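As a basis for the values below, the full set of heavy atoms in this structure was taken, side chains included, without hydrogen atoms, waters or symmetry mates. Only a predicted model underlies this, so the values are computations on that prediction, with no experimental measurement involved.
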Amino acid sequence: MNTTLRATPLIALFAALLAVLGLIPKIDLPLGVPITLQTLGVMLAGCMLGPKRGLQALLLFLFAVALGLPLLSGGRGGLGVFFAPSSGYLLGWPLGAWVTGWVMALLPTRSPRSASVSAFMACALGGLLVVHVCGVAGLVVLANLTWTQAALGTLVFVPGDLIKCVLCAMVVHTVARGMPDWRFGGRTT
């Protein structure tokens, strides 16, 4: 079977996972950016699918959101969400999944333990750092905050995102134990 045909359901599955994570109520903050579990989906897509397919899953999800489907936490959707203060984070999701997958592909995954440690590091770099850099840029442009204000404002998300990194690492550990042939980070060998 063609690898593209095998990958298509996984890409759609991870886009759907992001939609399911959006059903969990958001926590609104004065910054204009809610706390959601959807960044966990970004991390999982990168670790489990790799850079290319993780990126594709996030682009598929954001395309559905742009079409107006209420898939973001709190039932949000449509083009307007891409012009809100949180849009930098949203636009950072595909890049975050790509970086997470790329880093995951470079790190060791021979054992469940090494795979989970690698997943934590990949998530911290791609799912946390990259997404937050994009989010800060969005806050500067759309919320008219200074770089310092935006960077300090985004610090409120870091403890929760570190917990999401741990959760993703736990999922990777479980998959590595149950499916030792899984190609984390989209490895070809």
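With values rounded to the nearest 0.5 angstrom, Met179 atom CE is found 12.5 Å from Thr174 atom OG1. Separation of atoms CG (Leu106) and CE (Met121) is listed at 10.5 Å; rounding is to 0.5 Å. With rounding to the nearest 0.5 Å, the separation of OG in Ser114 from CZ in Phe184 is 9.5 Å. Atom CG in Leu128 sits 5.5 Å away from atom CE in Met43 (nearest 0.5 Å). Summarising the geometry, atom CG belonging to Leu162 is positioned 13.5 Å from atom CZ belonging to Phe157; distances are rounded to the nearest 0.5 Å. Taking CG from Leu58 and CG from Leu91, the interatomic distance works out to 11.0 Å, rounded to the nearest 0.5 Å.
Following chains of ILVMFWY side-chain contacts shorter than 4.5 Å, one cannot reach Val133 starting from Val140, and the two form parts of different hydrophobic clusters. In the hydrophobic cluster analysis, where Ile, Leu, Val, Met, Phe, Trp and Tyr join through side-chain heavy atoms closer than 4.5 angstrom, Leu129 is grouped apart from Ile35. In the hydrophobic clustering of this structure, Val130 groups with Val103; members are Ile, Leu, Val, Met, Phe, Trp, Tyr whose side-chain heavy atoms approach within less than 4.5 Å, directly or through other members. Under a hydrophobic-cluster definition in which Ile, Leu, Val, Met, Phe, Trp and Tyr are linked whenever side-chain heavy atoms come within less than 4.5 Å, directly or via other members, Ile27 and Val158 are assigned to different clusters. One hydrophobic cluster holds both Leu17 and Met104 under the rule that ILVMFWY side chains link at heavy-atom gaps under 4.5 Å.
Contacts of Val171 classified as side-chain contact (heavy atoms from CB on, under 4.5 Å), with partners at least two apart in sequence or in another chain: Leu44, Val175.
Residue pairs meeting the side-chain hydrogen bond (donor to acceptor under 3.5 Å, both in side chains) criterion with at least one member in residues 133-149, sequence neighbours excluded, are Thr146-Gln149. Among residues at least two apart or in separate chains, side-chain hydrogen bond (donor to acceptor under 3.5 Å, both in side chains) pairs with a member in residues 86-101 are Tyr89-Thr154.
Considering every non-hydrogen atom in both Arg113 and His173, the closest pair reads N-CD2, 3.8 Å. Here the closest non-hydrogen pair linking Thr36 and Ser73 is CG2-CB, 3.4 Å. Annotation for Ala105 and Gly185: closest pair CB-O, 3.4 Å, computed over non-hydrogen atoms. The shortest non-hydrogen separation linking Leu95 to Cys134 is CD2-SG, 4.1 Å. Of all heavy-atom pairs spanning Val172 and Ala119, the tightest one is CG2-CB, 3.7 Å. The shortest non-hydrogen separation linking Leu139 to Ala150 is CB-CB, 3.8 Å.
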Check: What do the steps show when you test Ile163 against Val166 for side-chain contact (heavy atoms from CB on, under 4.5 Å), and what is the final call?
Finding: CA-CA 5 Å; Ile163 292 170; Val166 169; 5.6 Å; no
Notebook entry, point to check: Which is it for Met170 and Ser116 under the side-chain contact (heavy atoms from CB on, under 4.5 Å) test, yes or no, and what are the steps along the way?
Noted result: CA-CA 6 Å; Met170 291 170 61; Ser116 64; over 6 Å; no
Notebook entry, point to check: Would Gln56 and Leu60 count as a side-chain contact (heavy atoms from CB on, under 4.5 Å) if you check the C-alpha gap in whole Å, the side-chain angles of each, and the deciding distance to 0.1 Å?
Noted result: CA-CA 6 Å; Gln56 290 170 334; Leu60 174 61; over 6 Å; no
Next item on the list: Test Phe14 against Val42 for side-chain contact (heavy atoms from CB on, under 4.5 Å), laying out the working first.
Entry: CA-CA 9 Å; Phe14 276 84; Val42 173; over 6 Å; no
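Leu90 pairs with exactly one of Val33, Val65, Val81 by the side chain to side chain contact (heavy atoms under 4.5 Å, CB included) rule, that one being Val81.
With contacts defined as side-chain heavy-atom distances shorter than 4.5 Å, the pair Ile11/Phe61 does not qualify. Contact annotation: the side chain of Cys168 approaches that of Leu40 to within less than 4.5 Å [non-hydrogen atoms, C-beta and beyond].
Between the Gln38 side chain and the Leu21 main chain, no donor and acceptor come within less than 3.5 Å of each other.
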